[in-house]
Amino acid sequence: MAPAVDESKGRSVSYRSTLRLDLREIQGDLLIGMQKNAEQFIFFKINDVPRFKARTKEYLVRWMTNARTVQEREGRVEERRRRQQAKTEAWMASNLGFTRDGLTQLLGSNRPRLDPAFERGADHPETIAALNDPPRSKWLRNFQSDRVDGVFLITGPDPSFVSYHGNALRGCFEATINVVHSEMGKVRPGAQRGHEHFGFLDGISQPGIRGLTRPSKTIYRPDEGVPGQDLLWPGEFVFGYPGQHPDDPVKEGPAPPMAAPWMRNGSFMVFRRLEQKVPECRRFVAERAARLGMDRELLAARMVGRWKSGAPLELAPLRDNPGLGADAKRNNDFGFGDDPFQRKCPYAAHIRKVYPRDDTGDVAEAQRHRIIRAGIPFGPEVEPGETTTRQSRGLIFVCYQTSIERQFEFIQGRYANNPGFVEGKLRPGGGAVTPGFDPIIGQAPGSGAREMDEPYPDYPAGNRRTTLAIPHQFVKLTAAAYFFMPSISALRTVLTS
Ligand code: N7H
């Protein structure tokens, strides 16, 4: 449905749009994200298709959490925050997705073919080559050899609550499934809550969704949720709705193609188990900062584009500003266009690479490569004296989109892994810039060495040329899979009949 158009300004006034999302049909993790202190991922293989279908139908109503429920719960969390009540609810939520093999089990080999990247899969040699991922032989053993048909996501207030419910759910499915692998994610403790293992506040910047996210300034900034959060058409993330217009960041674009009507209200989920070498990364940053003659926290911030507090370098280029980092109305309200010489934030910094905003001059194009992230850390805290990683820890990266190729794979392959992106930038006195790899997630072929340009800040007006040589990756892929997260009614009908 088209939004009302304010002719005088030539802008859509999306908040008045009649666009309605069918939140009861959409799985809960997709748009808002299930409330989670802990999340278990149970990867399974279907053993007995007819009985699996019968069990899914039978237990689905009880287990599946839709986006409407998540939205109501979010409202209650907000209310509690307003009243400054500390209680956390013992909410359980669960979702279910299938790989291409899982869909084939359920629908037979003549089933419609979905997105080419989904059909290829994360473990296909072409995908691995395109993303410079480590070979499957280096992934977790269960992901190397076994077929994975589906995944249950179960969230709750703590790991024991979640594993209790995970076991109950496994019990319901009995021998109809074989659990291939199970992974528990949990938020970090105390003051590190909301921060990933390198120490940075995460979950700050997400796309806003037209028809769901309310603009905080309806008159002056109708196309943003909180300031800086551009509203996107929901078809970028859920099938059956208009997507972004290829030439205009605001106008309604076509709905993404669906290979079958039952894809409506569904989405693709990318799962990546990313191990983080935390002590090694800390040591590297400290050594290189000393060599460059700069503060180590500033160097770490220049690799990410934000300080650990969440404050963006574009607004706090030399010193952290924790108040800014914690303020959702200010911490995402910036662009990169007015920082043409990477004085405040390097072109290669993680957040500038993966979401260039206005950096390329083509905002409509930038908005076609967005994802909704819904990951969670895994693994224990670094122990005192752990100078070389002894225990596997990192980020269970999860993101949602309607085109894996145009969204996740584009960000990883064409932005983060591409030393030439962003193109066309010049030094202050002229001369082309090669920004280098995203130092956090960028991957060179064969896990080779990487470089990033300008780790040292020339802010406000210096002209010192520096390069950061990064011989090893501190983020390593150890498993990956692509899933389709169907609507609740597709789960009840087409996929289980
Ligand atoms: Fe990234 N980090 O701690 O350095 N990420 N990320 N990410 N990431 C973001 O804005 C991190 C990964 C995106 O809109 C922040 O919410 C780590 C992958 C996108 O401005 C921090 C890992 C991909 C954004 C990190 C990791 C992305 C984003 C700032 C792996 C996609 C939003 C907090 C272990 C291919 C950018 C925030 C925007 C933000 C970190 C993975 C993408 C701190 C450690 C694999 C789109």
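By convention here, the first residue in the shown sequence is residue 1. Atoms within each ligand, like the ligands themselves, are counted from 1 in listed order.
For atom 26 (C) of ligand 1, the nearest non-hydrogen atom of the protein is Ile441 CG2, 3.7 Å. Looking from atom 18 (C) of ligand 1 to the surrounding protein, the closest heavy atom is Phe397 CE1, 3.3 Å. Of the protein's non-hydrogen atoms, Ile440 CG2, 3.8 Å is the one closest to atom 17 (C) of ligand 1. The shortest contact between atom 35 (C) of ligand 1 and any protein heavy atom is with Phe408 CE1, 3.4 Å. Here the heavy atom of the protein found nearest to atom 46 (C) of ligand 1 is Val354 CG2, 3.8 Å.
Using a 4.0 Å heavy-atom cutoff, Leu201 is listed among the residues neighbouring ligand 1. Contact annotation: Arg352 has no heavy atom less than 4.0 Å from any atom of ligand 1. Every heavy atom of Gly394 sits 4.0 Å or more from the atoms of ligand 1. The shortest separation from a heavy atom of Arg272 to ligand 1 is not under 4.0 Å, leaving the residue out of contact.
In this comparison of Val304, Ile204, Leu131, the heavy atom closest to atom 4 (O) of ligand 1 sits on Val304. Among His350, Gln229, His195, His197, the residue whose heavy atom lies closest to atom 25 (C) of ligand 1 is His350.
Partners of Ser182 by side chain to side chain donor-acceptor pair (under 3.5 Å), not counting sequence neighbours, listed by chain and number: Gln40.
Screening Arg76, Arg81, Arg80 for a salt bridge (Lys or Arg N to Asp or Glu O under 4.0 Å) with Glu78, the sole residue that qualifies is Arg81.
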